[in-house]
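The sequence lines fix the lettering, A, B, ..., with proteins before strands; numbering per chain opens at 1.
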There are 2 protein chains.
Amino acid sequence: MARRKVTSYDVARKAGVSRTTVSFVLNNVPGARISEETRRRVLKAARELGYFPNAAARSLVSQKTRTIGLVLCQTPDQVFHDAFLPEVLHGISDVMRPAGYRVLVEPVEDVTRPNAYIDLVLEQRIDGLILSGPRSDDAELPQLKEEGFPVILLGQLPGAGFPSVDVDNVEGARIAVEHLISLGHTRIGIITNAPPQYTGSAHRLEGYRLALAAHGIPFDENLVCYGNFTEGSGYRAMNELLGLANPPTAVFVASDLVAFGVLAAIRDRGLLVPRDIAVVGFDDVRMARYVTPPLTTVRLPAYELGQTAAQILVNWLEKGKEPPKLTLLPTELVIRKSCGAIRPQEFLPISG
Amino acid sequence: MARRKVTSYDVARKAGVSRTTVSFVLNNVPGARISEETRRRVLKAARELGYFPNAAARSLVSQKTRTIGLVLCQTPDQVFHDAFLPEVLHGISDVMRPAGYRVLVEPVEDVTRPNAYIDLVLEQRIDGLILSGPRSDDAELPQLKEEGFPVILLGQLPGAGFPSVDVDNVEGARIAVEHLISLGHTRIGIITNAPPQYTGSAHRLEGYRLALAAHGIPFDENLVCYGNFTEGSGYRAMNELLGLANPPTAVFVASDLVAFGVLAAIRDRGLLVPRDIAVVGFDDVRMARYVTPPLTTVRLPAYELGQTAAQILVNWLEKGKEPPKLTLLPTELVIRKSCGAIRPQEFLPISG
DNA sequence: GGCGTGTGATAACACGTGTTAGTAAAACGA
DNA sequence: TCGTTTTACTAACACGTGTTATCACACGCC
């Protein structure tokens, strides 16, 4: 079976030239003077022999692996991360492949453990790194910083000093709440996606405040509840809000998953969405359109996140282009039925 | 910044031995006679210098990359594949990392295009391959077969001659239908997940027939409808069944996604699940538990699929152990409310 | 004829490691 | 004391490629 591999030496012999010439031709080396005749002979020989350069030999001498790492940190909202992994990965891959890079994926369950992923760098397996869900207790990031290794964060980590790509959470939350205000609501609650120490959570809360302030609606501490990634937390938080003397007429839930619990809590009280309470979520998880009623939400551009991070990394590696410290991607409001902007009607199946 | 990398030569010099000795010590070469004293000196020097062997140099000489490829073929049911990607990937990674392998992920949008992914093999970037969602029009599989390259299929491709790991679709469907029968149903419809040429679809249909046959229930052609991956197809198919003179009292839908369309169709007719019609799905997609009513379904062991495929591949690569031609993983019936086995009750949020 | 000058190609080194064959010294047996 | 074996280690090659410095040669010019 596995017959010996064809090397550039074989190509050289078949074409009747030296190995150097083969290398020059196949790599299109700029300064090299090669006659058209020789070039053709080399290309023909390479094609006929089915020559493919050995990646290991190549990276050994060039000191470049043409591979990047995608490290997935296990954060408390792992479900959320997992939901977007395929899209993010596709976005990264769609940029990396044309640029000639491969993607090594490394899920890391515990960043505090020694050698969680840094061996990829130290063994020189990768040229750059995209780190999804960075954590402040990551022991290896400082070391990478010191080495000057190219790292892009997917998500934010204040003070880490690495270029970040993230969603514009403030703006996303703002347009969601603006929408509720435009529908006539003035008493609007918020249930966050996570405890306030998470930057994403803090930013979405800030967007909420901005929208209220822009319309002169006073901020009411009582209308703020904190979720913690799960539907259960949404269920509980919504019950709190419903227990108020003067409950809100609309709720902005900063996470679709949490919003599912919210919907359940409202239903269990015998109330109807959006007739009694309007709900807007955040993320546009796939199932958002299948719950009852279909959830109005803010789309998180997962594919674009991957794409952008990859593009920035490629520019960094290939052109030495300094990456921007922070890139925020725009969101988009997806209006369905839970906000009350659309009259209830028949279910329209997605065709195809 | 990026200071020169520490090589094994540096370690040798610091420890006052030859490079060969360093290699022997760090790799624990069996036959090598090294004194305890020397071994300690080498290990100390390596530690102090922060030595990590260069992966490229290592694979160049050893002809092994200690990397495997995970190729994701774009099949028509891409959404389905994407839904399970995180779990499959974790399963693979959890086996591969302890075994000392990395995972290179390559999404392929078009397997018929030349060099869709075979360059990974030809450039000798990987030692083995896990191919998810294999397709019969894949032009590169035969070439890999001929080369004797280690490939594991995730899913089945009859006649491909590669070892496969898949779910036991026949058995999964059988227990689902058995369950409906045990609840007293005798007029049970089926809506497949895909057209019959897909092996998964054919197998699930076969499990349906087996269950009926085991209980002497005649097979009725009219109760069979074919879905094609989407909710829309489920919506349409269910309407067909509901339009029958004598409609079924229960439906086995061989895909959760399709089942969501089925639930909608039933609801739009003003009927109730499970009171009027019982529904059982297949896959146990994450959102199955959030629809109304929560969907009884057959769990597809995604994590275990990845784990098993990875384990078989590792055994193949490391121990030369011949992989089994076909490994079928057991499924499990997850009973929720859509089948009617559980009395309707309050929503119980998942805590945590 | 000697001398730059550009053209087309190559010899030789470097990359960092695993491994085979071999060696020097020590230990051992008679 | 002199082979013989064992111990502890190393010189040298191989892996397959990119790249620098060099070379042979033809050509035109004074």
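- With respect to A/D119 and B/R102, a salt bridge is recorded, a charged nitrogen being found less than 4.0 Å from a carboxylate O.
- Looking only at atom types and distance, the side chain of B/S164 has no donor-acceptor partner in the side chain of B/D166 under 3.5 Å away.
- Contact of B/R19 with C/dG18 (side chain to base): a donor-acceptor pair of N or O atoms is detected under 3.5 Å.
- Between the NZ atom of B/K5 and the P atom of C/dT17 there is a distance of 11 Å, rounded to whole Å.
- Listed pair A/Y51 / D/dT17 meets the phosphate criterion, a side-chain N or O lying under 4.0 Å from OP1 or OP2.
- A distance of 8.0 Å separates CG in B/L154 from CG in B/L70, rounded to the nearest 0.5 Å.
- The shortest distance between the side-chain N/O atoms of A/T20 and the OP1/OP2 oxygens of C/dA9 is not below 4.0 Å.
- The distance from atom CG of B/N54 to atom P of C/dG18 is 10 Å, rounded to the nearest whole Å.
- Residue B/S62 places none of its side-chain N or O atoms closer than 4.0 Å to OP1 or OP2 of C/dG18.
- The CD atom of B/E147 sits 6.0 Å away from the CG atom of B/L122 when rounded to the nearest 0.5 Å.
- When heavy atoms are screened at a 4.0 angstrom cut-off, A/V17 is found touching the sugar-phosphate backbone but no base atom.
- Nucleotide C/dT17 holds its C1' atom 12 Å from the CD atom of A/Q124, rounded to whole Å.
- Nucleotide D/dC15 holds its P atom 12 Å from the OH atom of A/Y9, rounded to whole Å.
- Each of B/V61 and B/R41 was assigned the nucleotide of DNA chain D with the nearest heavy atom; the assignment lying further toward the 5' end belongs to B/R41.
- As a whole-Å value, the separation of A/F24 CZ from D/dA21 P is 12 Å.
- Atom CD1 in B/I34 sits roughly 14 Å away from atom C1' in C/dG18 (whole-Å rounding).
- B/Y101 carries B/R66 over the face of its six-membered ring, with the cationic atom under 6.0 Å from the centre and within 45° of the normal.
- Taking only side-chain nitrogens and oxygens, A/S8 never comes nearer than 4.0 Å to OP1 or OP2 of D/dG16.
- Within 4.0 Å (heavy atoms only), A/T38 reaches sugar-phosphate atoms of the nucleic acid but no base atom.
- Inspection of the A/T20 and A/S23 side chains reveals no N or O donor paired with an N or O acceptor under 3.5 Å.
- Summarising the geometry, the separation between CG on A/D10 and P on D/dC15 is reported as 11 Å, rounded to the nearest angstrom.
- Contact annotation: A/S35 does not reach the phosphate of C/dG8 (side-chain N/O to OP1 or OP2, under 4.0 Å).
- Among the protein residues, B/T21 comes within range of the nucleic acid bases, having at least one heavy atom under 4.0 Å from a base atom.
- Side-chain N/O atoms of B/Q63 include none lying less than 4.0 angstrom from OP1 or OP2 on D/dA14.
- Relative to the side chain of B/R33, the nucleotides D/dA11, C/dG8, D/dT7 differ in distance, and D/dT7 lies closest.
- Of the listed nucleotides (C/dG16, C/dT17, D/dT17), C/dT17 has the atom at the smallest distance from the side chain of B/P53.
- Nucleic acid contact for A/L60: base, since at least one base atom lies under 4.0 Å from a heavy atom of the residue.
- To the nearest angstrom, C1' of D/dT19 lies 13 Å from CZ of A/R58.
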